[in-house]
Amino acid sequence: MTELNFWQTVLREMRIAYALLDTERRIVAHDALFAAWFPAGRTGLIGQHVLELLPEFYGQDIHAECAGSASPSAVRVENVNRLLPSGESHYFDLTFLPCNLGLNAAFLVLMADVTEQGRYIQELMQSRNDLRLLRHKMVRLNEQLDFLLRHYISPDVAEALVKGTLRPELGGELREVSILFVDARDFTAIVETLPAERVMTILNDYLSVIVDAIDHYGGTINQFQGDSVMAIFNAHNDQPDHAIRAVQAGISVQQQLFAYQAQRPETERWFHFGVGIDSGPAIVGNSGARWRYTYTAIGNTTNLAARITAAAPAYEVWISQNTLDQLNGTFTVAPLSPIYFKGKDKPVTLFRVVVQLAVI
């Protein structure tokens with residue numbers, strides 16, 4: 001076997017086709033595999049310019065003068081997609097290099113079939129694109145989930161759910177808590193004079209002031225009930241001073257509301273709120289049905305706090321004996337006349353926290 005026949009055999013076994021070109025880069029010879037990869041027959045390729053068949057080499061600077069050069073310059077073009085006469089799509093690596101091997105040709109063109117590798121690369125790129133799109137989608141979904149969690153439930157509850165310290169399942173635990181309610185006075189009478197959309201806008205402004213004051217002292221906003229806000233102290237995170245925090249929050253609510261009202265014209269000082277607080281045991285956790293949970297505190301402490309709030313006048317903070325017992329003299333309070341509440345056999349002893357109101 002001659003040297004020429006040897007390397008032709010090697011190329012054929014490696015699925016590498018070849019063509020020889022003259023100085024004008026026209027085909028002067030090629031093997032059968034090269035012809036099989038183009039529509040024209042064997043004789044039809046002779047004399048054709050290589051750029052008519054392989055335009056990927058257009059503009060490449062290749063010189064035929066390479067005599068004596070140990071490493072003649074070559075041009076490679078990888079992963080060229082071609083539709084074969086059979087209708088199959090294949091990928092090729094193309095090599096264009098000067099030729100001085102005694103083959104009576106100026107250039108040699110090699111075509112290596114790398115279809116398997118090309119398809120793998122294409123699938124890999126597609127997978128990367130799919131993963132990139134999926135990652136972007138997951139980022140958007142996480143942003144939406146974060147928005148929903150932090151705007152439809154208390155941020156500290158949302159964080160506890162994300163961290164796994166609070167499980168999203170029905171049930172709760174018995175905890176010593178302080179419950180704070182803020183409730184508007186004469187709300188029904190006021191809203192009858194205003195359009196519904198106007199009421200919503202005004203009320204949201206007031207509720208924002210209330211929530212900021214409660215959040216500052218670590219209260220967990222449990223729910224909004226129209227013109228009422230409920231907050232829990234010492235809910236899922238330990239707050240040994242929960243009673244003090246609750247009273248501080250109640251005072252801050254009234255002070256912030258008073259300052260907010262002072263900034264508005266007297267004819268637009270729509271709502272005034274009372275605050276009530278009770279401390280004691282309650283079941284804290286998720287209450288509801290299998291498809292709708294509410295994080296809340298259930299028990300006598302919650303019920304009493306709601307009843308105290310209903311009795312508290314505007315700009316005042318009323319607390320129970322249970323709460324007072326945990327304040328250690330931190331606040332100035334004034335005793336109130338005991339009040340009979342529905343469901344209670346005995347009158348309930350209450351105290352008014354002295355709140356200094358001033359324009360901030």
Side-chain angles (χ1 to χ4, degrees), residues 145-163 165-168 170 172-173 175-185 187 199-257 259-260 271-280 282-288 292-299 301-310 312 317-319 323 353:
L145 178 60
D146 183 73
F147 177 87
L148 291 174
L149 282 176
R150 298 183 185 279
H151 286 77
Y152 281 86
I153 60 178
S154 182
D156 58 322
V157 175
E159 185 175 355
L161 286 170
V162 172
K163 290 182 177 180
T165 56
L166 178 63
R167 296 183 61 82
L170 292 174
E173 60 175 327
R175 294 180 65 91
E176 187 76 16
V177 297
S178 288
I179 305 296
L180 177 149
F181 278 93
V182 184
D183 188 49
R185 304 283 77 98
F187 179 78
V199 172
M200 178 68 75
T201 301
I202 296 173
L203 184 60
N204 286 342
D205 291 339
Y206 278 88
L207 293 178
S208 295
V209 174
I210 293 170
V211 168
D212 287 344
I214 294 173
D215 183 67
H216 180 75
Y217 290 99
T220 296
I221 304 299
N222 170 57
Q223 59 186 349
F224 298 97
Q225 295 178 332
D227 59 322
S228 176
V229 179
M230 174 183 169
I232 312 170
F233 291 82
N234 199 41
H236 58 86
N237 51 339
D238 292 333
Q239 297 172 329
D241 58 343
H242 55 86
I244 294 176
R245 287 172 176 266
V247 174
Q248 287 175 326
I251 293 173
S252 180
V253 164
Q254 297 296 26
Q255 291 175 336
Q256 297 296 330
L257 286 173
Y260 176 74
F271 301 125
H272 309 278
F273 294 80
V275 173
I277 303 170
D278 185 33
S279 302
I283 299 296
V284 180
N286 295 315
S287 174
R292 175 67 168 84
Y293 296 172
T294 297
Y295 186 77
T296 189
I298 298 175
T301 303
T302 301
N303 296 335
L304 182 56
R307 286 175 168 78
I308 294 173
T309 306
V317 177
W318 286 13
I319 63 175
T323 300
V353 179

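Computed from a predicted structure; not experimentally measured.
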Measure the spacing between CZ of R307 and CG of D278 and express it to the nearest 0.5 Å. 11.5 Å
Q239 side chain vs G218 backbone, donor-acceptor pair below 3.5 Å: yes
Donor-acceptor check, side chain of R185 to backbone of A312, threshold 3.5 angstrom: yes or no? yes
So, D183 side chain and G274 main chain: donor-acceptor pair closer than 3.5 Å or not? no
Can you find a heavy atom in the side chain of M230 that is under 4.5 Å from one in the side chain of I232? yes
Determine the minimum heavy-atom distance between S279 and T323, stating which atoms define it. OG-OG1, 2.9 Å
Which is it for Y260 and D205 under the side chain to side chain contact (heavy atoms under 4.5 Å, CB included) test, yes or no, and what are the steps along the way? CA-CA 10 Å; Y260 176 74; D205 291 339; 3.3 Å; yes
Which heavy atom in H242 sits nearest to a heavy atom in S178, and how many Å separate them? ND1-OG, 2.8 Å
Atom NE2 in H236, atom OG1 in T220: separation rounded to 0.5 Å? 4.0 Å
Output yes when a side-chain donor or acceptor of T309 lies under 3.5 Å from a complementary backbone atom of V275, and no otherwise. no
Short question: side chain of R175, backbone of V284 - any donor-acceptor pair under 3.5 Å? no
In this structure, CZ of F271 is separated from CG of L207 (nearest 0.5 Å) by 9.0 Å
To check you understand the geometry: which heavy-atom pair defines the closest contact between Q256 and A213, and what is its length? CG-CB, 4.3 Å
Taking every non-hydrogen atom, the tightest pair across I179 and A297: CD1-CB, 3.8 Å
Checking the side chain of Q254 only, and the main-chain atoms of F273 only, is there a donor and an acceptor separated by less than 3.5 Å? yes
With distance as the sole test, does S252 use its side chain to make a donor-acceptor pair with the main-chain N or O of Q248 at under 3.5 Å? no
Just do the side chain to side chain contact (heavy atoms under 4.5 Å, CB included) check on I221 and V229 with the steps written out, would you? CA-CA 7 Å; I221 304 299; V229 179; 4.2 Å; yes
Intermediate values then yes/no, side chain to side chain contact (heavy atoms under 4.5 Å, CB included), D212 and I210: CA-CA 6 Å; D212 287 344; I210 293 170; over 6 Å; no
Would you confirm whether S208, through its side chain, and N204, through its main-chain N or O, come within 3.5 Å as a donor-acceptor pair? yes
Between L257 and Y206, is a side chain to side chain contact (heavy atoms under 4.5 Å, CB included) present by the stated rule, with each step listed? CA-CA 7 Å; L257 286 173; Y206 278 88; 3.8 Å; yes
Return the minimal non-hydrogen interatomic distance between I214 and A249, and the atom names on each side. CA-CB, 4.1 Å
So, for A246 and I277, which heavy atoms are closest and what is the spacing to 0.1 Å? O-CD1, 3.4 Å
Any F181 side-chain heavy atom under 4.5 Å of T302 side chain: yes
